[in-house]
**Q** 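I am attaching a structure below and will ask some questions about it afterwards.
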Amino acid sequence: MHTGLKITAFAAGLAATFGSAYAVGGAMDPAVAAKESSHQDGHGAKDRPATETGAAEKSAGQAPELPGGLQISQGGYTLDLSTPRVEAGEPAELRFAVVDEDTSRKVTAFRREHDKELHLIVASSDLTTYRHLHPERAADGTWSTPVELPEAGGYRVFADFTPDVKNAEGVTLGADLAVSGDANPEALPDAERTVTVDGYEVTLDGALRPGAGSELKLEVEKDGKPVTDLQPYLGAYGHLVALRAGDLAYLHVHPNGELGDGRTKPGPEISFTATAPSKGAYRLFLDFRHEGKVRTAAFTVHAGGATAGEPVPENEESAEHGH
């Protein structure tokens, strides 16, 4: 654990924390960034191998497509976060809007996907704090949600949505958030095959692969017995988000199968298909509901390296920490 660092200014709290993500999202003019990158489908990232897409675009003379969440502006939309800083351990309200760059107006029409018009994720730069929030939208397009973040330091706010316009694709925008206080960033948790949360044991089977889809299976148990009565959450029996260590590139996936299809069972296993945009370390966050409460199980995995619960090969260490 690093020596405590007092976070007192927004710029100082972010510049050292987000490195490449801040450079991509903040240094580029929003209009230029939107033109130079193609639409990023936050929900469909699992279906599009990023490394293969990048190679094809390079051969055609185009810039490679960036993973979701690295830009504050993309696809003609900008995330306007009007709450850039909050106090650690204190109740606060996050307020933001999605702005249409063509009209400079706040977006008020969104497609409802997975039971929500917009999914808001907040994560600390060390990936030890994670929140999946459900903000409410006012008539003028301003979103708000209460939040309380326990640790000081740099955070990233992700807005995952699809505008309700013809031929619209899903977009994931990201903005930096500073949490004031004595910051003590932690090391990325070790990779483990099984984690325990609130009395539940969740076991991960499978591995992320860079540039190729792979299946991730998560099995939920309680008191040593399989949980076979998971309750729907956001239109599925589980919700999975993956964030890349270092720049917090965002990968949003959903389970294989659908509720009511006659094949998808309410546990104990939830299956996902995901594609990592690159080699390196990732943090997986699984939300699941049982007995009326949503719980989150978090895993560290290494794409292109060790599977869950195995040591990381020496030649992968630079990929994990080089972002």
Side-chain angles (χ1 to χ4, degrees), residues 41-48 68 110-123 127 129-136 145 158 160-162 170 172 189 191-209 213-243 250-276 282-301 307-309:
D41 185 349
H43 296 281
K46 61 182 180 294
D47 300 321
R48 188 187 302 112
F110 297 83
R111 291 181 187 170
R112 197 172 185 85
E113 296 187 340
H114 308 291
D115 289 344
K116 299 293 179 180
E117 287 187 334
L118 181 146
H119 296 266
L120 190 74
I121 304 296
V122 179
L127 296 178
T129 299
Y130 171 87
R131 299 286 187 272
H132 185 164
L133 305 174
H134 300 126
E136 295 184 356
T145 181
F158 302 93
D160 187 352
F161 62 92
T162 301
T172 302
E192 295 182 357
R193 185 171 178 267
T194 299
V195 300
T196 301
V197 53
D198 199 15
Y200 292 80
E201 287 190 343
V202 183
T203 301
L204 171 65
D205 182 20
L208 278 177
R209 302 186 186 282
S214 60
E215 186 178 21
L216 300 172
K217 296 180 180 179
L218 295 111
E219 185 171 346
V220 183
E221 294 186 354
K222 185 179 182 183
D223 300 327
K225 299 180 180 179
V227 175
T228 58
D229 58 345
L230 292 172
Q231 297 166 320
Y233 176 62
L234 300 176
Y237 290 123
H239 185 278
L240 185 68
V241 167
L243 297 174
Y250 179 96
L251 176 62
H252 192 168
V253 295
H254 282 271
N256 296 323
E258 297 180 0
L259 297 179
D261 62 6
R263 300 183 303 274
T264 304
K265 299 179 180 181
E269 185 178 277
I270 314 171
S271 172
F272 301 83
T273 299
T275 301
Y282 290 77
R283 192 82 167 142
L284 305 183
F285 299 93
L286 172 71
D287 293 329
F288 64 94
R289 175 184 281 165
H290 188 242
E291 297 180 346
K293 183 178 179 180
V294 177
R295 297 164 174 88
T296 302
F299 296 83
T300 298
V301 298
T307 57

**Q** I need the E192 CD to L204 CG distance, nearest 0.5 Å.
**A** 11.5 Å

**Q** Can you check whether V294 reaches H132 side chain to side chain, under 4.5 Å on heavy atoms?
**A** no

**Q** Quick one, K293 and D198 - any side-chain contact, counting heavy atoms below 4.5 Å?
**A** yes

**Q** With sequence neighbours excluded, what pairs up with E258 under the side chain to side chain contact (heavy atoms under 4.5 Å, CB included) test?
**A** D261

**Q** My understanding is that only residues two or more places apart in sequence, or in another chain, count here; which of them pass salt bridge (Lys or Arg N to Asp or Glu O under 4.0 Å) with R111?
**A** D164

**Q** Which residues pass the salt bridge (Lys or Arg N to Asp or Glu O under 4.0 Å) test with D223, not counting sequence neighbours?
**A** none

**Q** Excluding sequence neighbours, so at least two apart, what forms side-chain hydrogen bond (donor to acceptor under 3.5 Å, both in side chains) with T203?
**A** T194

**Q** Working to the nearest 0.5 angstrom, can you tell me the gap between D160 CG and T172 OG1?
**A** 3.5 Å

**Q** Shortest non-hydrogen contact from V202 to A297?
**A** CG2-CB, 3.8 Å

**Q** What residues, two or more places apart in sequence or in another chain, satisfy ring pair (Phe, Tyr, Trp, His ring centres under 6.0 Å) together with F288?
**A** Y200

**Q** Looking only at atom types and distance, does a side-chain atom of T273 sit under 3.5 Å from a main-chain N or O of G213, one as donor and one as acceptor?
**A** no

**Q** CG/L208 to CZ/F299 distance, rounded to the nearest 0.5 angstrom?
**A** 12.0 Å

**Q** Looking at every heavy atom in both G170 and T162, which two are closest together, and how far apart are they?
**A** CA-OG1, 3.3 Å

**Q** Please name the pair of heavy atoms, one in L259 and one in P232, separated by the smallest distance, quoted to 0.1 Å.
**A** CD1-CB, 3.8 Å

**Q** By the definition side-chain contact (heavy atoms from CB on, under 4.5 Å), identify the one residue from V241, L240, L251 that meets it with L284.
**A** L240

**Q** Could you check whether H114 and H239 have their ring centres less than 6.0 Å apart?
**A** no

**Q** List for me each residue that meets salt bridge (Lys or Arg N to Asp or Glu O under 4.0 Å) alongside R289, sequence neighbours excluded, and say none if there are none.
**A** none

**Q** T196: what forms a side-chain hydrogen bond (donor to acceptor under 3.5 Å, both in side chains) with it, not counting sequence neighbours?
**A** none

**Q** Going by the rule salt bridge (Lys or Arg N to Asp or Glu O under 4.0 Å), which residues pair with E117 if we only count those two or more places apart in sequence or in a different chain?
**A** R137

**Q** Using a 3.5 Å cut-off and no angle test, enumerate the donor-acceptor pairs between side-chain atoms of residues 224-231 and protein atoms at least two apart in sequence or in another chain.
**A**
| from | atom 1 | to | atom 2 | distance (Å) |
| --- | --- | --- | --- | --- |
| D229 | OD1 | H290 | NE2 | 2.7 |
| Q231 | OE1 | E291 | N | 3.2 |
| Q231 | OE1 | G292 | N | 2.7 |

**Q** Rounded to the nearest 0.5 Å, what separation is found between the CG atom of L127 and the CZ atom of F285?
**A** 5.5 Å

**Q** Which atom names give the shortest non-hydrogen contact between D115 and G235, and what distance separates them?
**A** OD2-N, 3.0 Å

**Q** Which atoms form the tightest heavy-atom contact between G199 and K222, and what is the distance?
**A** O-CG, 3.9 Å

**Q** Might you point out which heavy atoms bring A298 and V195 nearest each other, and give the distance in Å?
**A** O-CG1, 3.4 Å

**Q** Only counting residues at least two apart or in another chain, list the ones meeting side-chain hydrogen bond (donor to acceptor under 3.5 Å, both in side chains) with T296.
**A** D287

**Q** A side-chain contact here means heavy atoms from C-beta on lying under 4.5 Å apart; do L234 and H134 qualify?
**A** yes

**Q** Among residues at least two apart in sequence or on other chains, which ones pass side-chain hydrogen bond (donor to acceptor under 3.5 Å, both in side chains) with R131?
**A** none

**Q** How many angstroms lie between CG in L286 and CG in L218, if you round to the nearest 0.5 Å?
**A** 5.0 Å

**Q** Rounded at 0.5 Å granularity, tell me how far CD1 in I270 sits from CG in L216.
**A** 12.0 Å

**Q** So, using ring pair (Phe, Tyr, Trp, His ring centres under 6.0 Å) as the criterion, who are the partners of F158 when residues are at least two apart?
**A** Y250

